[in-house]
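A short write-up of the structure that comes next.
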Amino acid sequence: QVQLVESGGGLVQAGGSLRLSCAASGRTVSSYAMGWFRQAPGKEREFVTAFNWRGANTRYADSVKGRFTIFRDNAKNTLYLQMNSLKPEDTAVYYCAAYRTVTPDGTPDYWGQGTQVTVSS
C-alpha cells in the first residue's frame with residue numbers, strides 16, 4: 001500500500017506557474033502507474049494526466065496539453081505536476097493518484113488528500 005501527500009497548491013494569477021508535489025510513502029513511486037486528477041467546484045473529478053509504471057506513455061487531458069507536465073523523481077519518491085500558463089478554469093482541488101496496475105487504466109487505487117489551486121483572472 002502507498003500513502004500520497006500533495007503540496008504546492010496556492011493562489012496564482014492567470015498566466016503564472018505552479019509546481020505540485022506528491023510525496024509517496026510505503027512503496028516507491030516507480031512501482032506504480034501514477035497520475036493527477038482535479039475537481040472544480042460543482043463538477044465531477046476529472047483526469048488531468050498519467051503515465052505507466054516506467055514513467056512512459058504519458059497521457060494528458062486536451063485542456064492541459066502543452067501547458068502541464070507530469071514527472072517524477074525516484075530518488076525523492078515524489079511525483080510532480082508542473083503547471084504553466086495557468087488559466088482561471090484550471091482552478092480546482094488537485095489530487096495525486098496511484099494505480100496498482102502497471103498502466104493507468106480505470107479508477108486509481110490510491111488517492112492523496114488534495115491540494116487547492118486557485119487561478120485569478
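Computed from a predicted structure; not experimentally measured.
Annotation: Trp36 is not in aromatic contact with Phe68 [ring centroid separation under 6.0 Å not met]. The ring of Tyr95 has its center no closer than 6.0 angstrom to the ring center of Phe37.
Arg27 contributes atom CZ, which lies 7.5 Å from atom OH of Tyr110 (distance to the nearest 0.5 angstrom). Taking CG of Leu79 as the start and CG of Leu4 as the end, the distance is 8.5 Å to the nearest 0.5 Å. Taking CZ of Arg100 as the reference point, atom OG of Ser31 lies at 13.5 Å (rounded to 0.5 Å). Atom CD of Gln1 is separated from atom CD of Gln3 by 5.5 Å, given to the nearest 0.5 angstrom. For the atom pair Glu6 CD and Thr78 OG1, the distance stands at 11.5 Å (nearest 0.5 Å).
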Show, in sequence, the C-alpha distance, side-chain angles and deciding distance for Thr58 and Thr49, and conclude whether the side-chain contact (heavy atoms from CB on, under 4.5 Å) test is met.
CA-CA 7 Å; Thr58 305; Thr49 179; 3.8 Å; yes
Check the pair Thr115, Val93 against side-chain contact (heavy atoms from CB on, under 4.5 Å), reporting the backbone distance first and the verdict last.
CA-CA 5 Å; Thr115 185; Val93 177; 6.0 Å; no
List the steps and the verdict of salt bridge (Lys or Arg N to Asp or Glu O under 4.0 Å) for Lys65 and Asp62.
CA-CA 5 Å; Lys65 203 171 294 184; Asp62 288 343; 3.1 Å; yes
Test side-chain contact (heavy atoms from CB on, under 4.5 Å) applied to Tyr99 and Asn52, step by step:
CA-CA 9 Å; Tyr99 302 75; Asn52 67 16; over 6 Å; no
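Across every non-hydrogen atom of Asp109 and Thr101, the tightest pair is OD2-N, 4.4 Å. Residues Ile70 and Met34 come closest through the heavy atom pair CD1-O, 3.9 Å. Taking each heavy atom of Ala33 and Pro104 in turn, the nearest pair found is CB-N, 3.6 Å.
Under the salt bridge (charged side-chain N to carboxylate O under 4.0 Å, His left out) criterion, Arg59 pairs with no residue, sequence neighbours left out.
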Would you mind writing out the side-chain donor-acceptor pairs for residues 9-24 within the sub-3.5 Å range, not counting sequence neighbours?
{"residue": "Ser17", "atom": "OG", "partner": "Asn84", "partner atom": "OD1", "Å": "2.9"}
{"residue": "Arg19", "atom": "NE", "partner": "Gln82", "partner atom": "OE1", "Å": "2.7"}
{"residue": "Arg19", "atom": "NH2", "partner": "Gln82", "partner atom": "OE1", "Å": "3.2"}

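In this structure, Arg72 is positioned above the aromatic face of Phe51, its NZ or CZ under 6.0 Å from the six-membered ring centre and within 45° of the axis.
Remark: of the listed residues Arg38, Lys87, Met83, Arg38 is the sole one forming a side chain to side chain contact (heavy atoms under 4.5 Å, CB included) with Val64.
Tyr80 shares a hydrophobic cluster with Phe71; the chain of contacts runs through ILVMFWY side chains whose heavy atoms sit under 4.5 Å apart.
Residues Val2 and Tyr94 fall within the same hydrophobic cluster, defined by Ile, Leu, Val, Met, Phe, Trp and Tyr side chains chained together at heavy-atom separations under 4.5 Å.
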